[in-house]
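Structure record follows, encoded as structure tokens.
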Amino acid sequence: MTKTDEDDKKIPVDGHDDNKNSLGGKVRKQGGRKGKRASKAIDQKTKLERSRQSARECRARKKEKYQLLEEMVEGKEKDVLDLRKQLESLKKQLSNGVLPKPEDILPVVKEQPSEDQVNLEKNS
């Protein structure tokens with residue numbers, strides 16, 4: 001398209017053709033964005049679908065995280081019960097006048113973090 005063709009398609013914003021060459025006259029192109037509304041609607045639909053998919057994935061991650069936390073809580077509750085049993089056993093030994101062996105006093109709970117704890121820390 002030549003320069004003169006572009007100038008012919010431009011119409012002044014204020015409606016006066018004689019202001020085309022003056023400093024204050026603003027000129028805009030005629031036609032501009034034809035067909036943009038159809039693509040805008042498609043973009044809106046794809047954006048909405050991506051948002052829905054993202055929300056699904058977020059809910060799935062959240063559900064998985066809560067399941068992992070519940071499993072960790074169950075494990076900790078089991079450890080607490082084991083420690084309470086050990087405490088009762090040690091109390092009985094002390095009440096009978098028997099000193100417990102050092103290996104009986106060592107905690108039942110593992111010193112190393114479990115895989116669940118490591119995975120949870122990675123996901124956070």
Side-chain angles (χ1 to χ4, degrees):
M1 192 181 292
T2 64
K3 181 97 174 148
T4 57
D5 290 338
E6 286 181 23
D7 289 340
D8 290 340
K9 287 190 172 185
K10 294 179 181 177
I11 57 171
V13 174
D14 58 358
H16 295 95
D17 203 27
D18 56 341
N19 285 341
K20 195 186 268 187
N21 294 327
S22 69
L23 293 175
K26 294 182 181 179
V27 178
R28 67 176 172 89
K29 285 186 178 180
Q30 184 180 16
R33 300 182 180 198
K34 290 184 179 176
K36 194 69 173 177
R37 290 184 185 193
S39 66
K40 200 172 189 179
I42 292 171
D43 290 343
Q44 193 72 3
K45 285 182 182 179
T46 56
K47 183 178 177 182
L48 188 60
E49 184 55 39
R50 278 184 287 161
S51 176
R52 287 178 181 153
Q53 180 64 30
S54 177
R56 276 186 225 112
E57 291 170 0
C58 180
R59 286 189 297 269
R61 284 191 306 268
K62 184 177 178 182
K63 183 177 180 181
E64 184 178 330
K65 186 175 179 179
Y66 275 101
Q67 287 174 343
L68 181 64
L69 287 170
E70 286 175 358
E71 290 171 6
M72 285 177 58
V73 167
E74 289 173 4
K76 298 299 177 190
E77 287 174 347
K78 182 183 177 294
D79 290 343
V80 167
L81 289 176
D82 291 343
L83 287 171
R84 285 188 178 151
K85 287 179 185 176
Q86 183 183 13
L87 178 64
E88 289 301 317
S89 170
L90 292 172
K91 281 182 180 179
K92 283 182 185 177
Q93 288 179 9
L94 283 174
S95 67
N96 291 335
V98 179
L99 291 176
K101 298 176 189 171
E103 56 268 8
D104 290 340
I105 299 174
L106 295 176
V108 178
V109 181
K110 302 174 192 172
E111 294 295 325
Q112 296 292 328
S114 68
E115 283 184 41
D116 294 338
Q117 290 172 330
V118 173
N119 289 337
L120 182 62
E121 289 174 6
K122 286 180 183 177
N123 291 337
S124 296

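Just so it is clear, the model here is predicted, and its values are computed rather than measured. Sequence positions, counted from 1, serve as the residue numbers for this chain.
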Distance check, rounded to the nearest 0.5 Å: Glu57 atom CD versus Arg59 atom CZ?
10.5 Å
Working to the nearest 0.5 angstrom, can you tell me the gap between Lys62 NZ and Cys58 SG?
7.0 Å
Roughly how far, to the nearest 0.5 Å, is CG of Asp79 from CD of Gln86?
11.5 Å
Glu49: what forms a salt bridge (charged side-chain N to carboxylate O under 4.0 Å, His left out) with it, not counting sequence neighbours?
Arg56
Give a yes or no answer on whether the side chain of Ser95 reaches the backbone of Lys92 with a donor-acceptor pair at less than 3.5 Å.
yes
Of Leu81, Val80, Asp82, the one forming a side-chain contact (heavy atoms from CB on, under 4.5 Å) with Lys78 is Asp82
Looking at Lys47, is its backbone amide N or carbonyl O close enough to the side chain of Ser51 to form a donor-acceptor pair, meaning the two atoms are under 3.5 Å apart?
no
Of the options Lys76, Glu70, Glu77, which is the one that meets Val73 in a side-chain contact (heavy atoms from CB on, under 4.5 Å)?
Glu77
Apply salt bridge (charged side-chain N to carboxylate O under 4.0 Å, His left out) to Arg84 and list each qualifying residue two or more places apart in sequence or on a separate chain.
none
Any donor-acceptor pair under 3.5 Å linking the side-chain atoms of Gln67 with those of Glu71?
no
Taken to the nearest 0.5 Å, the spacing of Leu69 CG from Glu64 CD works out to 11.0 Å
